[in-house]
Number of protein chains: 2
Amino acid sequence: MIRLVLVEDEALVRLGLRQLLAFDARIDVVADAANGLEGLALIELERPDVVLMDVRLPGLSGVEVLKAMRAKGLATPVILITTFDEEAAFLQAMHAGANAFLRKDISLEDLRAAIDAALAGERVFRPAITQVAQRRLFEMKASFPAAVLPDPLTPREIEVLRLMAAGLSNKEIAESLHAGEATVKTHASSILSKIGVRDRTRAVLKGLELGYI
Amino acid sequence: MIRLVLVEDEALVRLGLRQLLAFDARIDVVADAANGLEGLALIELERPDVVLMDVRLPGLSGVEVLKAMRAKGLATPVILITTFDEEAAFLQAMHAGANAFLRKDISLEDLRAAIDAALAGERVFRPAITQVAQRRLFEMKASFPAAVLPDPLTPREIEVLRLMAAGLSNKEIAESLHAGEATVKTHASSILSKIGVRDRTRAVLKGLELGYI
DNA sequence: CTGCGCCTCCGCCAAAAGGGGGAGACGCAA
DNA sequence: TTGCGTCTCCCCCTTTTGGCGGAGGCGCAG
């Protein structure tokens with residue numbers, strides 16, 4: 001019996017995944033969690049054979065849970081799932097040692113194959129991953145992994161990004177943060193260059209994708 | 001037996017909903033569809049007692065399917081579900097004659113109650129709807145319904161909005177559409193005023209919310 | 001035929017955004 | 001102590017955005 005822990009915040013998706021997994025008699029979903037912190041605790045408690053986890057979660061993200069697991073010496077295979085193609089999260093997940101990275105619109109076969117491969121210690125990223133991400137993967141293997149990983153935003157930058165997403169202008173953000181507009185512009189420029197976009201519209205979208213917002 | 005047609009594009013959510021509905025022995029999910037067009041065809045074919053449908057769907061949106069149903073004289077109760085609070089879609093759904101409008105993070109009890117109420121011809125919008133939307137609902141009842149409904153975007157404006165969301169500048173959008181930058185600026189301004197935002201960042205977010213993107 | 005909505009563009013103008021570089025203050029870790 | 005990163009702010013500059021009014025063409029419904 002394959003003992004699996006499921007971490008997924010959206011109840012319907014969680015139900016859907018349980019249902020999907022129920023089709024495979026070898027798999028036993030021993031526990032599920034709706035957020036990262038709870039998930040991490042459950043994983044430590046249950047010591048499952050494999051973890052199926054959403055990338056975007058309230059509190060700790062899937063990638064953060066994965067990092068925490070690895071930091072604690074837990075080598076449990078982890079399969080990350082995501083709603084959209086999240087290239088940056090994908091790269092971070094790769095780096096953090098995820099065993100698979102799948103989109104939510106996968107078939108049962110893909111999921112089963114990913115679980116089998118993960119149990120065997122393989123790392124699969126084929127099903128439903130963007131070609132862009134695949135190409136980046138090669139680049140990553142060929143160069144320094146850290147070089148292609150997105151520069152993490154500082155706490156202040158994340159605040160600014162979130163206020164950007166709320167539709168505030170730099171001046172309004174400055175007022176909101178009790179800082180000068182020049183400061184906000186500095187942060188804004190830094191955010192844009194870090195996440196590799198050239199305007200705030202894309203920054204917000206990308207921030208959404210990266211889980212910052 | 002309550003014959004129900006389920007229209008939901010995301011496979012996992014569809015599975016989750018089927019699973020949720022399976023807990024109620026009275027309900028028989030006679031068919032499901034993954035897009036609006038297919039959903040509409042199935043509804044016409046199956047003539048179910050109630051329709052459970054996502055608002056955002058590929059091709060025809062849930063609201064559009066609902067309008068098409070009503071235009072064809074189908075009075076089948078329709079329960080719309082949505083991932084986020086989508087105020088505009090909510091108002092449109094109200095206007096189009098939806099029987100319920102629920103968020104996806106509902107409980108089985110809420111869903112069951114909504115189905116029962118819908119079958120009885122009631123119109124419920126209580127569970128999990130924003131207070132803003134509730135307030136607007138009262139305003140709507142008190143004034144002309146059309147007055148609070150957001151001005152629909154023209155096809156060209158939708159194209160522009162989508163390119164905005166792709167992070168293109170007005171000039172790039174112009175090139176992409178083989179039009180002048182001035183034209184794009186006109187469309188852009190029109191979009192902003194129609195959806196009631198003051199910059200493209202919020203326009204994209206709102207567009208996402210309204211299902212335009 | 002006459003509106004009306006949509007798409008196409010103009011000009012003008014103010015505001016906002018974004019890039020460049022520089023710089024001081026702070027705290028923290030090597 | 002000496003970096004290093006972060007946060008703060010300044011300058012100057014170009015580009016972009018968005019609001020304003022105006023206008024012609026086109027197709028479609030009343």
Let me know the distance between [atom1] of [X] and [atom2] of [N], rounded to the nearest Å.
X         : N       : atom1 : atom2 : result
Glu157(A) : dG5(D)  : CD    : P     : 13 Å
Ile173(A) : dA16(C) : CD1   : C1'   : 12 Å
Ile158(B) : dC6(C)  : CD1   : P     : 11 Å
His178(A) : dC9(D)  : NE2   : C1'   : 17 Å

| said: Could you report the tightest heavy-atom contact between Met164(A) and Ala188(A), atom names first, then the distance? | reply: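 Scanning both residues completely, I find the closest heavy atoms to be CE-CB, 3.4 Å.
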
| task | Could you check if a side-chain atom of Asp9(B) sits within less than 4.5 angstrom of a side-chain atom of Asn35(B), using non-hydrogen atoms only? | result |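 With C-beta onward as the side chain, the pair stays apart.
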
| query | Are Arg47(A) and Leu74(A) close enough, and set up right, to give a side-chain contact (heavy atoms from CB on, under 4.5 Å), and what steps lead you there? | reply | CA-CA 9 Å; Arg47(A) 303 290 170 134; Leu74(A) 282 174; 3.1 Å; yes

| said: Using OP1 and OP2 only, check whether a side-chain N or O of His187(A) sits under 4.0 Å from dT8(D). | reply: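 For His187(A), the contact criterion (side-chain N or O under 4.0 Å from OP1 or OP2 of dT8(D)) is met.
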
| request: Would you mind checking if Glu64(B) and Lys67(B) are paired as a salt bridge, meaning a charged N to carboxylate O distance below 4.0 Å? | output: no

| request: Can you check each nucleotide of nucleotides 10-30 of chain D against protein heavy atoms at under 4.0 Å and return B for base, S for sugar-phosphate only, - for none, in 5' to 3' order? | output: B-----SBBB-----------

| Set of residues satisfying side-chain hydrogen bond (donor to acceptor under 3.5 Å, both in side chains) with respect to Thr154(A), sequence neighbours excluded | Glu157(A)

| request: Evaluate the side-chain contact (heavy atoms from CB on, under 4.5 Å) criterion for residues Leu177(A) and Leu163(A): first the C-alpha distance (whole Å), next the side-chain angles of each, then the deciding distance (0.1 Å), finally the verdict. | output: CA-CA 9 Å; Leu177(A) 296 179; Leu163(A) 291 170; 3.8 Å; yes

